[in-house]
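The block underneath contains the structure these notes are about, expressed in structure tokens.
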Number of protein chains: 2
Amino acid sequence: MATIYEVSKLAGVSLATVSRVMNNNANVSDATRKKVTAAMSELGYRPNSIAQSLASNCSNSVGLLVSELQGPFYGPMMSGIENIFRNQGKHVIIAAGHSDEEREQQGIEFLISRNCDGLILHVEAVSDDYLIKLSKGRVPFVLINRFIPELSDRCIILNNIKGGYLAAKHVLEQGHKNIAYISGPLWKKDAQDRLAGHKQALAEFNLSFNEQLLYQGDFMETSGFEGLKTIYQQGLSFSAVICANDEMATGAIASARELGLALPEQLSVMGYDNVFFTRHIYPPLSTINYPINEMGQMAANWILKHVYQKQTEPLQTMFEPSLVARQSIRHCPQ
Amino acid sequence: MATIYEVSKLAGVSLATVSRVMNNNANVSDATRKKVTAAMSELGYRPNSIAQSLASNCSNSVGLLVSELQGPFYGPMMSGIENIFRNQGKHVIIAAGHSDEEREQQGIEFLISRNCDGLILHVEAVSDDYLIKLSKGRVPFVLINRFIPELSDRCIILNNIKGGYLAAKHVLEQGHKNIAYISGPLWKKDAQDRLAGHKQALAEFNLSFNEQLLYQGDFMETSGFEGLKTIYQQGLSFSAVICANDEMATGAIASARELGLALPEQLSVMGYDNVFFTRHIYPPLSTINYPINEMGQMAANWILKHVYQKQTEPLQTMFEPSLVARQSIRHCPQ
DNA sequence: GTTATAAATGTAAGCGCTTACATTTTATGT
DNA sequence: ACATAAAATGTAAGCGCTTACATTTATAAC
């Protein structure tokens, strides 16, 4: 592999000049610039990005920590992020945290030890304190889907209260009065918020929230399955179930089918996230859109601006959910 | 950030010694090793991986090029790969090629310019010649889901002929005689192979392949939709449709519903890949399992062995598909 | 106690770049 | 033509490590 040294010799200039044309910043005359680029292409020269990083103290890489590399939620997020960075010649190093405190911390440290210039974190298990401490450190980061008051300017979040509200309102408008709710783990802020929005809509319709129709799930399909079964077996009647995400809604649908309930005639089901497969399941799932792709891009823009001092579109931290009405919600039969 | 130099000063040893305990290879006495590690933790020292890479000419990173970061197919693949490398302290740099020749080449060059020690490529658009030339280059790579005879030892592939055969056989065993087929783009080897296996099964059942029941799609949902509609409107009767992947099967299902066909009573549908959402769609889709996660891990092992000289489980290049029978295939009504 | 040998440690060059600063060349005004 | 400023180029010192080689220290055999 040719080095800058060989290029400089061939072009008959100094190292510094070659470096200058590479970074085309300083003043270089057209004549020498041409000589140098000619030499470069003759040698098939490619700059060694490792050496560049060491010398410039900038690795041009940003670390991305997600909970899972697979699954319908993270794909669009990573995609939005990679897209933006690729165009800027930055690269993204990916690690998975698996919603586990230790593995998330390891992931973050791994990314830092890799000299990432900045970090985009979608972390769930790590504590607020840890992140606040981290924010005092050398490497800047932005958080997706997590709100910490002390770090509010670097938290890119969805208005989950509104999302919960929209979901409930839609169901209520179809005349449902007895609505089961399968929440996420209530130690998670987003699960809390979605439920809060839900209750808010209920209140607006002068309905009280029935704790017996609440099941606390874990955002995974199986808990949706268990949740619906558990609530059903209590014997209380309900005509709709709202789930705090699409995966659990999928589980609830499977469960309903097993219980012999006709969908959506006997039971309306509502999801949350608008993950891509929601339109393929049956009945096509009504849900709340989570603009995760855009939020990923916004996180990337945050890094571009704060780490690389690039001009970007105006930064936005709070995103709004919206209703996606499909066929899993029917008018209340009675 | 503390450097090796400060550690050496604090521990009262030379740079080389510190480096030795970091890489714990050479002979270092227990006493000095202890002094050094103590100094390290006192300073909160973290090695600068960029400097390590430059000095050792090894970046400990492997490049991964996939067509898309999102979608049900690549997720499990990336996941399998990240998993293995993370445990070995290697990191993965991800780029997307979007099945486009230029972008795939750009992606590969991007990864190479990032000094990846090795590459895992899932490329579709780039030519065999390009890859053969690339294989003469400095950086080793392994191919997933592509077979090039000259590079056969580094091609990790699925036996698609067998997969196509298995799918058709299953449908044929249910008594179907008139079977539509929605293929992938037939310039792609995997699309060809799946179709070849399909024909092979047909022949075994003494049935001839009806070209009029073939539609060439592009592996995307929309083409499944179009495909079924097109075939249907020709007026030929058929009781089953086999699609060369699950996405197209999903499209075909949507199309069938629009045409007023009851599923699976009036039309049996078969997919391919066993992507995770196949069990959520309705009717639950019978399909062919593609062990993409395992194949990703195998690719990672290939790199571990050939690039980093690690011991790994024995390498395997050809993987076998298997039938996943669910409810989208019924006995032929007549 | 020698000497030969092995183990432990140190020295210093270099990986391929960037960049502050110094120097040379060119342009500008009078 | 000359002084002065601006533009172009060169020089050399790092960036934080690894590693070949040199040197010192410990170990063993006699």
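Residue numbering restarts at 1 for every chain, and letters A, B, ... go by the order of the sequence lines. Computed from a predicted model, the values in this text were never measured in an experiment.
Annotation: ring pair (Phe, Tyr, Trp, His ring centres under 6.0 Å) contacts involving residues 76-104 of chain B, sequence neighbours excluded, are absent. For residues 128-140 of chain A, the set of pairs meeting the side-chain hydrogen bond (donor to acceptor under 3.5 Å, both in side chains) definition, not counting sequence neighbours, comprises A/Asp128-A/Arg146.
In this structure, A/Thr17 reaches the sugar-phosphate backbone alone: every heavy-atom distance under 4.0 Å involves primed, P, OP1 or OP2 atoms, never a base. Note on A/Val13: only backbone sugar-phosphate atoms sit closer than 4.0 angstrom, heavy atoms only; bases stay farther off.
Remark on DNA chain D: of its neighbouring residues A/Ala16 and B/Asn23, the 5'-side contact belongs to A/Ala16, judged by nearest-heavy-atom nucleotide. Position along DNA chain C of the nearest nucleotide to B/Asn27 versus B/Asn57 favours B/Asn27 as the more 5'-ward residue.
Comparing the axis of the opening five pairs of the helix from C/dG1-D/dC30 to C/dT30-D/dA1 with that of the closing five pairs yields an angle of 30°, rounded to 10°.
B/Ser49 pairs by the side-chain hydrogen bond (donor to acceptor under 3.5 Å, both in side chains) definition with A/Asn115, not counting sequence neighbours. Shown here are the ring pair (Phe, Tyr, Trp, His ring centres under 6.0 Å) partners of A/Phe276, two or more places apart in sequence or in another chain: B/Phe277. Applying the ring pair (Phe, Tyr, Trp, His ring centres under 6.0 Å) rule to B/Tyr290 yields the partners B/Phe73; only residues at least two apart in sequence or on another chain are considered. The side-chain hydrogen bond (donor to acceptor under 3.5 Å, both in side chains) test applied to A/Lys189 returns A/Asp193, not counting sequence neighbours. B/Phe141 is linked by a ring pair (Phe, Tyr, Trp, His ring centres under 6.0 Å) to nothing, counting only residues two or more places apart in sequence or in another chain. In this view, B/Tyr74 and B/His122 satisfy the ring pair (Phe, Tyr, Trp, His ring centres under 6.0 Å) rule, not counting sequence neighbours.
Residues of residues 39-54 of chain B having a heavy atom closer than 4.0 Å to DNA chain C, listed by number: B/Leu54. Interface residues of residues 28-35 of chain A facing DNA chain D, ordered by number: A/Val28, A/Ser29, A/Thr32; criterion, heavy-atom separation under 4.0 Å.
Rounding to the nearest 0.5 angstrom, the gap separating the CG atom in A/Leu134 from the CD atom in A/Glu109 is 9.0 Å. Of the inter-residue distances, the one linking B/Asp117 atom CG with B/Ile303 atom CD1 reads 9.0 Å to the nearest 0.5 angstrom.
Using a 4.0 Å cutoff to heavy atoms of chain A, the contacted part of DNA chain D runs 5' to 3' from D/dA7 to D/dG16.
Between A/Ser79 and B/Glu68, the side chains place no donor N or O within less than 3.5 Å of an acceptor N or O (distance only, hydrogens not considered).
Heavy-atom neighbours of B/Asn23 CG from other residues, nucleotides or ligands within 6.0 Å: above the threshold of 12.
Counting only heavy atoms from C-beta outward, the side chains of B/Leu119 and B/Val139 approach each other to under 4.5 Å.
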